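Let me begin by presenting the structure, written as structure tokens, before commenting on it.
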Amino acid sequence: MNAARWMPGWMASYDRGKAVQDGVAGLVVTMLLVPQSLAYAMLAGLPPHVGMYASILPLLAYALFGSSMTLSVGPVAVASLMTAAAIGPLAAPGSAEYAQLAVLLALMGGVVLLLFGLLRMGFVANLLSHPVISGFVSGSAVLIALGQLKPLLGIRASGETALHLLVSLLSHARELHLPTAALGSAAVVLLWAARRHLAGGLRRLGLGPASADIAAKLAPMGIVLAAIGLVVAVDLDRAFGVAVVGAIPAGLPSLGLAMPSLTQLQVLLVPAVMIALVGFVESVSVAQSLAIKRGEAIDPDAELRGLGAANLASAFSAGFPVTGGFARSVVNFAAGARTPLSGVISAALMAIVLLGMTALFERLPLTVLAATIIVAVVGLVDLATARHAWHYDRADALAWGATAAGVLVLGVEAGVGVGVALSVGTFLWRASRPHLAVVGRVPGTEHFRNEKRFAVETQPELLMIRVDESLFFANVAEVVRRVQQELARRPGVRHLVLDMAPVGHVDLTALEALERLHADLRDRGIDLHLAEVRGPVMDRLVRTGLPGRLSHPAFLSLHAAVEKLAPGRPGQGRATPPREPERTPA
């Protein structure tokens with residue numbers, strides 16, 4: 001038996017020359033992963049060390065089943081926020097029941113993703129438009145930042161929406177803990193300065209661009225270590241009451257899996273599916289953008305299986321939902337990772353930290369973790385997409401704004417629902433209002449173009465309409481209505497030709513509408529004709545007998561239709577000049 005058949009493609013063809021690059025990248029990513037895993041676990045309402053649990057086996061599982069060479073899987077901000085939103089109403093954060101529900105959320109999401117992958121449903125990545133995903137992530141980033149003001153300032157506050165959080169923060173403002181707020185504010189300033197200016201400063205000092213960027217992205221680890229040193233030196237936690245992480249259990253997580261009860265399944269299924277799909281869409285976007293830079297390709301179905309396996313592994317090791325992280329993946333790419341072995345190395349290093357270095361992070365201030373989260377998520381607010389959508393397509397801009405507002409005003413789950421509804425609704429609205437064009441011949445040619453955009457020749461007894469959309473139940477009534485409107489404007493028409501070149505599908509409802517249109521036109525002395533019908537569409541129409549009932553078989557081209565139906569007739573040229581035809585629909 002050939003063992004290579006059962007290996008991932010990258011492993012079967014592994015080149016030792018890549019080992020050094022993967023090793024360096026694995027080390028670099030681990031330095032970013034440690035503070036992020038602690039912070040995102042806290043964001044999810046879990047003890048910080050659970051984030052480290054979720055950063056070991058998931059990396060191994062993804063390396064075996066995923067397709068991206070540089071995607072770094074683990075805890076991320078948005079998935080952590082969605083986890084807290086899903087479990088918060090069901091159990092007290094930090095409790096054993098809460099942790100168990102987080103495990104079940106990862107388990108159920110993993111099963112959903114794995115099932116979708118086995119069924120080859122990678123196309124679900126296309127069901128949510130980019131403006132909707134961008135609006136959701138942007139709204140979530142603002143909500144996360146507001147929520148982290150509580151530990152940043154040492155204030156006890158609560159709330160699931162932006163308004164509730166703001167009201168709660170203001171009502172508890174008198175509880176501001178000055179040492180905590182001072183340390184957290186300083187951390188925010190340092191992290192922000194490092195994010196914006198450190199790479200440029202290092203380049204001016206002579207460091208290479210790639211090395212400078214990596215060093216700047218590792219600044220959070222340096223600031224975390226500096227904060228720990230300050231707490232130890234000044235005794236900030238014991239003498240001044242600054243909250244710290246506290247005892248972290250040494251050793252690897254206990255392995256095991258508890259199946260959800262029917263009640264838990266009913267309560268967690270929808271949130272699990274939402275977290276899984278949003279994570280998958282974001283992960284695929286990151287993986288694709290990085291793969292393109294190296295001329296590589298990813299397989300969305302394999303990504304489903306890889307992320308599904310990663311979430312199952314997280315559940316098996318007492319973790320919570322995970323997905324591909326943008327910042328870590330970019331660092332992994334920039335550090336020179338060539339294969340998922342870099343993730344395996346990061347997992348091994350995280351295991352070493354858990355086995356012998358947990359004491360180092362026990363006096364890490366929670367306010368610094370909050371600062372790390374705030375600075376990280378502020379970069380996720382994508383105003384550029386909102387501006388671009390506003391100038392290009394107001395419907396997409398509305399989708400962005402409504403989704404972001406839905407997250408802030410209604411909460412995370414409702415925001416996802418708003419986004420999904422807007423994606424589907426926008427698609428159906430546009431599909432139900434297809435573009436139709438009355439076309440005529442460009443003088444001296446066999447080309448036919450929209451009479452509103454070009455000076456074309458038309459005949460009074462011949463009306464040619466191009467349908468720029470497949471015909472189905474949601475739009476065929478509008479198409480027929482528009483056709484009847486054009487016929488009413490031209491009482492002398494004796495032949496109606498539908499240009500079917502753009503039509504890729506005709507469903508049963510549309511077929512019946514065409515048959516009714518044919519019967520109505522026949523009663524009015526008008527012949528219906530079809531032209532440039534695609535092969536697969538014609539195959540289906542032939543089985544219904546419709547082409548045989550028309551006065552002429554389908555024409556191969558509009559030119560052929562004109563030659564047959566209005567031979568030698570002088571055209572009526574329109575005075576409308578062409579309006580940048582190379583940049584506008586024909």
Side-chain angles (χ1 to χ4, degrees), residues 43-45 76-90 101-102 104-106 108-109 111-113 115-116 121 123-147 159-165 263-285 304 307 311 320-321 323 377 380-382 385-386 389 393-432 474:
L43 175 60
V76 299
V78 174
S80 298
L81 174 65
M82 296 180 72
T83 298
I87 305 175
L90 307 177
L101 291 175
L104 294 178
L105 209 55
M108 295 164 65
V111 170
V112 168
L113 289 170
L115 181 62
F116 281 8
M121 294 177 63
F123 63 86
V124 298
N126 303 320
L127 296 183
L128 289 177
S129 67
H130 176 62
V132 166
I133 286 293
S134 173
F136 172 75
V137 172
S138 299
S140 297
V142 174
L143 193 60
I144 289 169
L146 288 174
E160 298 299 326
T161 67
L163 179 60
H164 291 159
L165 278 170
T263 301
Q264 291 171 331
L265 188 64
Q266 292 174 334
V267 172
L268 295 179
L269 181 59
V270 172
V273 172
M274 287 183 175
I275 295 171
L277 292 183
V278 169
F280 168 64
V281 172
E282 278 294 286
S283 181
V284 166
S285 299
L304 281 168
L307 292 174
N311 277 278
F320 61 104
T323 190
V377 300
L380 298 177
V381 179
D382 186 10
T385 293
D393 190 327
R394 297 293 170 87
D396 280 338
L398 175 63
W400 188 98
T403 305
V407 172
L408 292 171
V409 176
L410 303 176
V412 176
E413 291 187 13
V416 175
V418 169
V420 172
L422 282 170
S423 289
V424 175
T426 301
F427 168 77
L428 291 177
W429 184 83
R430 287 172 173 164
S432 67

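Keep in mind the model is a prediction, meaning the values are calculated, not measured. All heavy atoms count here, side chains included; hydrogens, waters and symmetry mates do not. Along the sequence shown, residues are numbered consecutively beginning with 1.
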Side chain to side chain contact (heavy atoms under 4.5 Å, CB included) for Leu410 and Thr161? Distances and angles first, verdict last.
CA-CA 6 Å; Leu410 303 176; Thr161 67; 5.8 Å; no
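- Counting heavy atoms from C-beta outward, Leu268 and Leu90 have side chains that approach closer than 4.5 Å.
- To the nearest 0.5 Å, atom CE of residue Met121 and atom CG of residue Leu113 are 11.0 Å apart.
- The minimum heavy-atom distance linking Pro321 with Ala106 is given by the pair N-CB, 3.7 Å.
- Here the CD1 atom belonging to Ile144 is positioned 7.5 Å from the OG atom belonging to Ser80, to the nearest 0.5 angstrom.
- Side-chain contact between Leu398 and Thr426 is absent, with no heavy atoms from C-beta onward closer than 4.5 Å.
- When all heavy atoms of Leu422 and Ala402 are compared, the pair lying nearest together is CD1-CB, 3.4 Å.
- Here the closest heavy-atom approach between residue Ala79 and residue Ile275 is recorded as CB-CG2, 4.3 Å.
- Of all heavy-atom pairs between Gly135 and Thr403, the closest is C-CG2, 4.1 Å.
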For side chain to side chain contact (heavy atoms under 4.5 Å, CB included), just list the numbers for Asp382 and His130, CA-CA rounded to whole Å, side-chain angles, deciding distance to a tenth of an Å, and then say yes or no.
CA-CA 11 Å; Asp382 186 10; His130 176 62; 4.2 Å; yes
Step by step, would you call Ser283 with Leu307 a side chain to side chain contact (heavy atoms under 4.5 Å, CB included)?
CA-CA 9 Å; Ser283 181; Leu307 292 174; 3.7 Å; yes
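- When side chains are defined from C-beta on, Val112 counts as touching Phe116, because their heavy atoms get closer than 4.5 Å.
- Considering CZ of Phe320 and CG of Leu104, their distance stands at 15.0 Å, rounded to 0.5 Å.
- Between the Asp393 side chain and the Ala389 main chain, no donor and acceptor come within less than 3.5 Å of each other.
- Contact detail for Leu143 and Ala162: the closest heavy-atom pair is CD1-N, 3.5 Å.
- Contact of the Val407 side chain with the Phe136 side chain is registered, since non-hydrogen atoms from C-beta on lie closer than 4.5 Å.
- Residues Glu282 and Thr323 have side chains not in contact (no heavy-atom distance under 4.5 Å, counting atoms from C-beta outward).
- Contact check for Leu105 versus Leu101: no side-chain heavy atoms found under the 4.5 Å cut-off.
- Residue Ser432 comes nearest to Ala474 through the heavy atom pair CB-O, 3.3 Å, listed as atom of the first residue, atom of the second, then distance.
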